[in-house]
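Report on one structure; see the data block that follows.
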Amino acid sequence: MIIFWLVLFFAVGACVGSFINVVADRLPQGKSIVSPPSHCSECQRRISAFDNIPIISYLWLRGRCRYCHSRIPQRLFWVELGTAILFAFLVWHYGLSWELALIALYCCLFITLLLIDLEHGIIPNKIVYPAMIFALAIAGLGSIFGFEPGDIVGRGFRLWIVDSAVGGVIGLALLLLPALFYRGGMGWGDIKLAALIGFIAGFPLVILAIFLAVIIGGLVAGILLLLKLKGRKDAIPFGPFLSAAAMVTLFWGGNIINLLFPS
Ligand SMILES: [Zn+2]
């Protein structure tokens, strides 16, 4: 039976990844997400449903437009495949539960923010502010109705309005202070993103998320410098590392804290 769910969630994830691609392409340009329908960015020909099947169509068309043979960005394929694998992982990790729905939604949010920051160097308010309100509302509902999310509690992630609000303030403060003292390091986008992660993951997990982001970011920056893919003066955005670290924290935050501070 688990095979059925893995395959189903893989397929759903591929479609969701396809949608994330559209949002990441259109939202920074201020375009509508629903219209016009998918079209080739070179020849503007509309892409038929048959050529718009996530993952498969890219392979079938060998990464090129059917009509003008211009290259389809590889990112479209990797995001579809990555989200498909992630969704299969989520159903395996959480089982069929409401945690699964909530964490899947947050993952979509972080993947979208990661892509937009990587490609455009911005963290759009249009996504961050509504997400903050949503995260606080979910934490508020969790407090009122006393959700007992077994899995999430097991991982150190509680849905409680105080945790959420304190987490947001700590996330904001942890990035605001270095931004004030070392000019040019951190942008407002990163600070708002850290606050959002705080509202979602709550206290104390927000501290772990930022700590992980610094470590992953440092490692990747070191590797890029060593391979001479980036120079010392190139800016490497911090937002994508925050988004990636937030997802890792949502999945394994409690386990990592138990490892670091065995009781
Ligand atoms: Zn074309």
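Values reported hereafter were calculated over all heavy atoms of this structure, with side chains retained and with hydrogens, waters and symmetry mates removed. Residue indices begin at 1 and follow the sequence shown. Atoms within a ligand are numbered from 1 in the order they appear, just like the ligands themselves.
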Aromatic ring pairing F89/H93, orientation class (parallel under 30°, perpendicular over 60°, tilted between):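 F89 vs H93 ring planes: parallel.
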
Distance in Å, E80 CD paired with I56 CD1, rounded so as to fall on 0.5 Å steps: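 E80 atom CD to I56 atom CD1 measures 10.0 Å (nearest 0.5 Å).
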
Straight-line distance of L193 CG to I210 CD1, nearest 0.5 Å: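 Going from the CG atom of L193 to the CD1 atom of I210 covers 9.0 Å.
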
SB check R71 E42 (cutoff 4.0 Å):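 No.
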
From CA spacing to verdict: side chain to side chain contact (heavy atoms under 4.5 Å, CB included), Y129, F134: CA-CA 9 Å; Y129 290 149; F134 177 82; over 6 Å; no

Protein N/O/S atoms closer than 2.8 Å to the Zn ion (ligand 1):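 Listed by chain and number, the atoms are C40 SG, C43 SG, C65 SG, C68 SG.
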
Residues R75, D25; criterion salt bridge (charged side-chain N to carboxylate O under 4.0 Å, His left out); working and verdict: CA-CA 11 Å; R75 184 257 278 168; D25 275 334; 2.7 Å; yes

